[in-house]
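A short write-up of the structure that comes next.
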Amino acid sequence: DAKTTQPTSMDCAEGRAANLPCNHSTISGNEYVYWYRQIHSQGPQYIIHGLKNNETNEMASLIITEDRKSSTLILPHATLRDTAVYYCIVRGNQAGTALIFGKGTTLSVSS
Amino acid sequence: DVKVTQSSRYLVKRTGEKVFLECVQDMDHENMFWYRQDPGLGLRLIYFSYDVKMKEKGDIPEGYSVSREKKERFSLILESASTNQTSMYLCASLEGWGTDTQYFGPGTRLTVL
(Lines give C-alpha, C1' and ligand atoms only; values in the text may rest on other atoms or scores of the structure.)
Protein backbone atom coordinates (compact mmCIF):
# COMPACT_ATOMS: atom_id res chain seq x y z
CA ASP A 1 0.00 0.00 0.00
CA ALA A 2 1.09 3.54 -0.69
CA LYS A 3 2.44 5.32 2.36
CA THR A 4 1.10 8.72 1.36
CA THR A 5 -2.22 10.53 1.41
CA GLN A 6 -3.09 13.16 -1.18
CA PRO A 7 -6.28 15.01 -2.11
CA THR A 8 -8.05 13.44 -5.05
CA SER A 9 -8.23 16.62 -7.09
CA MET A 10 -7.31 20.30 -7.10
CA ASP A 11 -7.95 23.26 -9.36
CA CYS A 12 -5.63 26.14 -10.12
CA ALA A 13 -5.86 29.24 -12.28
CA GLU A 14 -3.23 29.68 -14.97
CA GLY A 15 -0.35 31.84 -13.77
CA ARG A 16 -1.04 31.24 -10.10
CA ALA A 17 0.97 29.02 -7.80
CA ALA A 18 -0.25 25.46 -7.38
CA ASN A 19 0.39 24.01 -3.92
CA LEU A 20 -0.10 20.26 -3.74
CA PRO A 21 -0.07 18.74 -0.25
CA CYS A 22 0.98 15.25 0.78
CA ASN A 23 0.81 13.49 4.13
CA HIS A 24 3.36 10.79 4.94
CA SER A 25 3.07 10.46 8.70
CA THR A 26 4.74 7.02 8.83
CA ILE A 27 7.86 8.03 6.91
CA SER A 28 11.04 6.57 8.34
CA GLY A 29 14.36 8.30 8.75
CA ASN A 30 16.01 6.95 5.60
CA GLU A 31 13.06 7.45 3.27
CA TYR A 32 12.99 10.18 0.67
CA VAL A 33 9.95 12.04 -0.62
CA TYR A 34 9.59 11.90 -4.41
CA TRP A 35 7.16 13.70 -6.66
CA TYR A 36 6.22 12.48 -10.13
CA ARG A 37 3.53 13.60 -12.50
CA GLN A 38 1.71 11.89 -15.32
CA ILE A 39 0.23 13.83 -18.16
CA HIS A 40 -2.59 12.07 -19.97
CA SER A 41 -1.43 9.18 -22.19
CA GLN A 42 2.22 9.54 -21.17
CA GLY A 43 4.48 7.72 -18.72
CA PRO A 44 5.18 9.29 -15.31
CA GLN A 45 7.78 12.05 -15.23
CA TYR A 46 10.12 12.80 -12.34
CA ILE A 47 9.72 16.26 -10.80
CA ILE A 48 11.74 16.53 -7.61
CA HIS A 49 12.76 14.70 -4.45
CA GLY A 50 14.07 15.51 -0.98
CA LEU A 51 14.99 14.07 2.39
CA LYS A 52 14.49 16.82 4.95
CA ASN A 53 15.65 20.10 3.44
CA ASN A 54 13.54 22.14 1.07
CA GLU A 55 14.48 21.63 -2.56
CA THR A 56 14.01 23.67 -5.72
CA ASN A 57 14.68 22.95 -9.36
CA GLU A 58 13.56 24.33 -12.69
CA MET A 59 10.20 22.62 -12.44
CA ALA A 60 9.08 23.03 -8.84
CA SER A 61 9.85 23.53 -5.18
CA LEU A 62 9.44 20.94 -2.45
CA ILE A 63 8.73 22.02 1.10
CA ILE A 64 9.09 19.31 3.76
CA THR A 65 7.90 19.98 7.31
CA GLU A 66 10.39 19.77 10.12
CA ASP A 67 8.86 16.55 11.46
CA ARG A 68 8.86 15.18 7.87
CA LYS A 69 5.28 13.99 8.21
CA SER A 70 4.04 16.09 5.34
CA SER A 71 5.26 17.99 2.32
CA THR A 72 4.03 20.41 -0.32
CA LEU A 73 4.93 20.54 -3.97
CA ILE A 74 4.80 24.07 -5.36
CA LEU A 75 4.48 24.90 -9.04
CA PRO A 76 5.17 28.66 -8.88
CA HIS A 77 3.39 29.71 -12.07
CA ALA A 78 1.05 26.98 -13.25
CA THR A 79 0.35 26.65 -16.97
CA LEU A 80 -2.25 24.64 -18.86
CA ARG A 81 0.48 22.08 -19.62
CA ASP A 82 0.83 21.38 -15.90
CA THR A 83 -2.58 19.69 -15.90
CA ALA A 84 -1.72 16.14 -14.80
CA VAL A 85 -1.92 13.59 -12.02
CA TYR A 86 0.72 14.31 -9.37
CA TYR A 87 2.09 11.47 -7.28
CA CYS A 88 3.80 11.85 -3.93
CA ILE A 89 5.91 8.78 -3.08
CA VAL A 90 8.16 7.85 -0.19
CA ARG A 91 10.96 5.43 -0.81
CA GLY A 92 14.09 4.25 0.90
CA ASN A 93 17.38 3.88 -0.90
CA GLN A 94 17.91 0.20 -0.33
CA ALA A 95 18.13 -2.14 -3.29
CA GLY A 96 14.79 -3.65 -4.16
CA THR A 97 12.66 -0.75 -2.95
CA ALA A 98 10.78 0.20 -6.06
CA LEU A 99 8.47 3.18 -6.27
CA ILE A 100 4.96 2.55 -4.95
CA PHE A 101 2.45 4.85 -6.59
CA GLY A 102 -0.79 5.79 -4.90
CA LYS A 103 -3.72 7.39 -6.66
CA GLY A 104 -2.24 10.86 -6.74
CA THR A 105 -3.83 14.28 -7.09
CA THR A 106 -5.41 15.34 -10.36
CA LEU A 107 -4.45 18.97 -10.88
CA SER A 108 -6.56 20.90 -13.35
CA VAL A 109 -5.15 24.23 -14.53
CA SER A 110 -7.61 26.49 -16.27
CA SER A 111 -7.37 29.84 -18.03
CA ASP B 1 18.52 12.63 -21.71
CA VAL B 2 17.59 9.12 -20.74
CA LYS B 3 15.36 7.48 -23.23
CA VAL B 4 13.10 4.53 -22.47
CA THR B 5 11.21 3.15 -25.42
CA GLN B 6 8.48 0.57 -25.64
CA SER B 7 7.81 -1.50 -28.73
CA SER B 8 4.18 -0.52 -29.20
CA ARG B 9 1.89 2.28 -28.00
CA TYR B 10 -1.25 0.25 -28.69
CA LEU B 11 -1.71 -3.50 -28.96
CA VAL B 12 -4.79 -5.69 -29.42
CA LYS B 13 -4.56 -9.43 -28.77
CA ARG B 14 -6.95 -12.32 -28.34
CA THR B 15 -7.49 -14.41 -25.24
CA GLY B 16 -4.95 -17.20 -25.01
CA GLU B 17 -2.33 -15.55 -27.22
CA LYS B 18 1.26 -15.21 -26.07
CA VAL B 19 2.17 -11.55 -25.84
CA PHE B 20 5.60 -9.92 -25.72
CA LEU B 21 6.05 -6.35 -24.55
CA GLU B 22 9.51 -4.99 -25.19
CA CYS B 23 11.31 -2.19 -23.38
CA VAL B 24 14.68 -0.69 -24.26
CA GLN B 25 16.70 1.95 -22.40
CA ASP B 26 19.75 3.72 -23.76
CA MET B 27 21.53 4.86 -20.60
CA ASP B 28 23.19 1.62 -19.45
CA HIS B 29 20.95 1.47 -16.37
CA GLU B 30 21.18 -1.65 -14.27
CA ASN B 31 17.61 -1.66 -12.96
CA MET B 32 14.45 -1.99 -15.01
CA PHE B 33 10.80 -2.31 -14.03
CA TRP B 34 7.42 -3.28 -15.43
CA TYR B 35 4.25 -1.71 -14.02
CA ARG B 36 0.63 -1.86 -15.02
CA GLN B 37 -1.74 1.03 -14.54
CA ASP B 38 -5.49 0.67 -14.15
CA PRO B 39 -8.15 3.29 -13.36
CA GLY B 40 -8.67 3.61 -9.63
CA LEU B 41 -5.74 1.31 -8.81
CA GLY B 42 -2.76 3.47 -9.76
CA LEU B 43 0.54 1.93 -10.84
CA ARG B 44 1.32 -1.56 -9.61
CA LEU B 45 4.70 -3.24 -9.88
CA ILE B 46 4.73 -6.53 -11.81
CA TYR B 47 8.43 -7.44 -11.99
CA PHE B 48 11.78 -5.76 -11.81
CA SER B 49 15.33 -6.67 -12.72
CA TYR B 50 18.54 -5.40 -11.14
CA ASP B 51 20.96 -7.06 -13.52
CA VAL B 52 21.12 -9.13 -16.68
CA LYS B 53 19.36 -12.47 -16.19
CA MET B 54 18.18 -11.40 -12.73
CA LYS B 55 14.54 -10.80 -11.90
CA GLU B 56 12.40 -10.18 -8.85
CA LYS B 57 8.65 -10.42 -8.42
CA GLY B 58 6.76 -7.26 -7.68
CA ASP B 59 3.30 -6.98 -6.18
CA ILE B 60 1.30 -8.65 -8.96
CA PRO B 61 3.49 -11.15 -10.89
CA GLU B 62 0.80 -13.75 -11.48
CA GLY B 63 0.16 -14.38 -15.15
CA TYR B 64 3.39 -12.68 -16.22
CA SER B 65 7.00 -13.56 -16.77
CA VAL B 66 10.01 -11.46 -17.78
CA SER B 67 13.27 -11.80 -19.63
CA ARG B 68 16.48 -9.76 -19.32
CA GLU B 69 19.06 -11.22 -21.70
CA LYS B 70 20.76 -7.89 -22.38
CA LYS B 71 21.25 -4.93 -20.09
CA GLU B 72 19.32 -2.51 -22.26
CA ARG B 73 16.27 -4.72 -22.88
CA PHE B 74 13.60 -5.95 -20.48
CA SER B 75 10.71 -7.95 -21.86
CA LEU B 76 7.35 -8.65 -20.26
CA ILE B 77 5.64 -11.85 -21.37
CA LEU B 78 2.02 -12.81 -21.03
CA GLU B 79 2.09 -16.57 -21.59
CA SER B 80 -1.65 -16.82 -22.23
CA ALA B 81 -3.33 -13.45 -22.35
CA SER B 82 -6.60 -12.99 -20.51
CA THR B 83 -9.13 -10.17 -20.58
CA ASN B 84 -8.19 -9.06 -17.06
CA GLN B 85 -4.74 -8.24 -18.40
CA THR B 86 -6.18 -5.43 -20.49
CA SER B 87 -4.28 -2.45 -19.12
CA MET B 88 -1.66 0.23 -19.65
CA TYR B 89 1.82 -1.24 -19.23
CA LEU B 90 4.69 1.03 -18.26
CA CYS B 91 8.39 0.24 -18.33
CA ALA B 92 10.95 2.18 -16.30
CA SER B 93 14.69 2.18 -15.72
CA LEU B 94 16.82 3.33 -12.82
CA GLU B 95 20.56 3.83 -12.67
CA GLY B 96 21.15 2.95 -9.03
CA TRP B 97 19.34 2.31 -5.78
CA GLY B 98 20.42 5.53 -4.11
CA THR B 99 18.26 8.54 -4.69
CA ASP B 100 18.30 8.17 -8.44
CA THR B 101 15.03 8.66 -10.22
CA GLN B 102 13.12 6.25 -12.37
CA TYR B 103 12.64 7.13 -16.02
CA PHE B 104 9.47 5.87 -17.64
CA GLY B 105 8.63 4.87 -21.18
CA PRO B 106 5.50 6.16 -22.93
CA GLY B 107 3.46 3.06 -22.11
CA THR B 108 1.74 0.31 -24.09
CA ARG B 109 -2.03 0.16 -23.97
CA LEU B 110 -2.88 -3.54 -24.32
CA THR B 111 -6.39 -4.72 -25.06
CA VAL B 112 -7.17 -8.43 -24.77
CA LEU B 113 -10.37 -9.47 -26.50
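Source: prediction; values computed, not measured. A note on names: the letters A, B, ... follow the listed sequences, proteins ahead of strands, and every chain is numbered from 1.
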Discussion item. Using heavy-atom distances under 4.5 Å, tell me whether B:Arg44 contacts chain A through its side chain, its backbone, both, or neither.
Written reply: neither
Worksheet item: In terms of heavy-atom proximity below 4.5 Å to chain A, should B:Leu43 be classed as side chain, backbone, both, or neither?
Response: both
Practice prompt. Mind ranking B:Met88, B:Arg9, B:Gln37 by heavy-atom pairs under 4.5 Å with chain A and telling me who comes out on top?
Written response: B:Gln37
Item to complete: Ignoring hydrogens and angles, tell me if any N or O in the side chain of B:Ser49 forms a donor-acceptor pair with the backbone of B:Met54 under 3.5 Å.
Response: yes
Worksheet item: At a heavy-atom separation under 4.5 Å, does B:Gln6 approach chain A through its side chain, its backbone, both, or neither?
Response: neither
Item to complete: Using a strict cut-off of less than 4.0 Å between a Lys/Arg side-chain nitrogen and an Asp/Glu carboxylate oxygen, indicate whether A:Arg91 and A:Glu31 qualify as a salt bridge.
Response: no
Discussion item. Angle between ring planes, A:Phe101 versus B:Tyr35, binned at 30° and 60°: parallel, tilted or perpendicular?
Written reply: perpendicular
Practice prompt. Mark yes or no for whether B:Arg109, through its side chain, and B:Val12, through its backbone, hold a donor-acceptor pair below 3.5 Å.
Written response: no
